[in-house]
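Let me begin by presenting the structure, written as structure tokens, before commenting on it.
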Amino acid sequence: MRKPVIAGNWKMYKTVADSVATAVALKPLVANANHCEVVIAPVFTALKPVADRLEGSNIHVSAQNCSTEHNEGAFTGEVAAFMVRDAGCSHVIVGHSERRQYFLETDEIVSKKAQAGLAAGLTAIVCVGETLDQRDAGKALDVVKEQLTGSLSGLTASDLDRIIVAYEPVWAIGTGRTATPEQAQEMHAFIRRVFTEGHSPAAADKLRILYGGSVKPDNIAGLMKQPDIDGALVGGASLKAESFAEIVNYNG
Ligand code: PEP
């Protein structure tokens, strides 16, 4: 059985004080959510204070990005995965579409970041997803397959235990327009098939695949009923403790 993961991506929102306040408010609201893993991803500056306040709770802390470099060095503005781990994180998100789109991250860069995260002992949440133009042109499956293969290149079979894939159609992120459960299921089943071919049926069976794109308390049930949807990566609706807790606490 795959344990679902509900992860909140806070993007570039919240000061340290606001991040800590939201995390502290969330803690009791999800304290009984043993059916899933709960993850929140604050901005870099809030990682350590949030992780300190959540110590001993069932909420994991994730970074939203990390450097491709494994070791410290003269890389101004970068944060290494081992530093993220040192700050109290257990996860790192890599390849989010906003990073691919605005910071020109390629599959090769995403793969290096995933490897850096794994080498530091983190679980990497690797994001893939097509744009609306690509979907309308009938290329969604090809695009996602290419991103998946490129972003996960160089990983060993044992690395795969600490990989989570997030399928996030770009046209559904922050738009209020979510993929239908059927559209998401089709892509998730396809991702699992790609994993079966590229790795093994056992690795594919264990892989957690999250859906992301305008997930809200009122659409989580339909998504989670799909056999290949193993959780969600939530942006906007994770910014408020109450709405994120509603999503986490769905246990249908
Ligand atoms: C995201 O940031 O990964 C995301 C899915 O955002 P939203 O839920 O706001 O669409």
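Read the numbers this way: they start at 1 and go in the same order the structure lists the ligands and their atoms. All figures in this text were calculated on a predicted structure; none of them were measured in a lab.
The aromatic rings of His188 and Tyr211 lie tilted to each other, with the angle between the two planes from 30° to 60°.
Shown in contact with Gly174 at under 4.0 Å from a heavy atom are these atoms of ligand 1, numbered in order with element: 7 (P), 9 (O), 10 (O). Taking every non-hydrogen atom of Ala172 and a distance limit under 4.0 Å, the qualifying atoms of ligand 1 come out as 10 (O). Heavy-atom contacts of Ile173 reach the following atoms of ligand 1: 4 (C), 6 (O), 10 (O) (cutoff under 4.0 Å). Each of the following atoms of ligand 1 lies closer than 4.0 Å to a heavy atom of Gly236: 7 (P), 8 (O), 9 (O). Heavy-atom proximity to Ser214, at under 4.0 Å, picks out these atoms of ligand 1: 7 (P), 8 (O), 10 (O). Each of the following atoms of ligand 1 lies closer than 4.0 Å to a heavy atom of Gly213: 5 (C), 10 (O).
Looking only at protein heavy atoms, the nearest one to atom 1 (C) of ligand 1 is His96 NE2, 3.3 Å. Nearest protein heavy-atom contact of atom 2 (O) of ligand 1 is Lys11 CE, 2.6 Å. Scanning the protein for heavy atoms near atom 5 (C) of ligand 1, the closest one is Glu168 OE2, 3.1 Å. Among all protein heavy atoms, the one lying closest to atom 8 (O) of ligand 1 is Gly235 N, 2.8 Å.
Taking the ring centre of Phe82 as origin, the terminal cationic atom of Arg85 falls outside the region bounded by 6.0 Å and 45° from the ring axis.
Here Lys3 does not pair with Glu37 in a salt bridge; the nearest charged N to carboxylate O distance is not below 4.0 Å. For Asp230 and Arg192, the salt-bridge test passes: some basic side-chain N is under 4.0 Å from an acidic carboxylate O.
Checked against Asp161 for a salt bridge (Lys or Arg N to Asp or Glu O under 4.0 Å), the options Arg208, Arg2, Lys206 give a single hit: Lys206. Across Met83, Glu78, Lys112, Lys113, a single residue satisfies side chain to side chain contact (heavy atoms under 4.5 Å, CB included) together with Ser67, and that is Glu78.
Heavy atoms of other residues, nucleotides or ligands lying less than 6.0 angstrom from CZ of Arg53 number 12 at most.
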For this session: Show the numbers, then the answer: is there a side chain to side chain donor-acceptor pair (under 3.5 Å) between Trp171 and Glu130?
Result: CA-CA 8 Å; Trp171 47 272; Glu130 81 286 355; 2.9 Å; yes
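Backbone and side-chain nitrogen or oxygen atoms of Asn9 are examined, and one is located within less than 3.5 angstrom of a nitrogen or oxygen of ligand 1.
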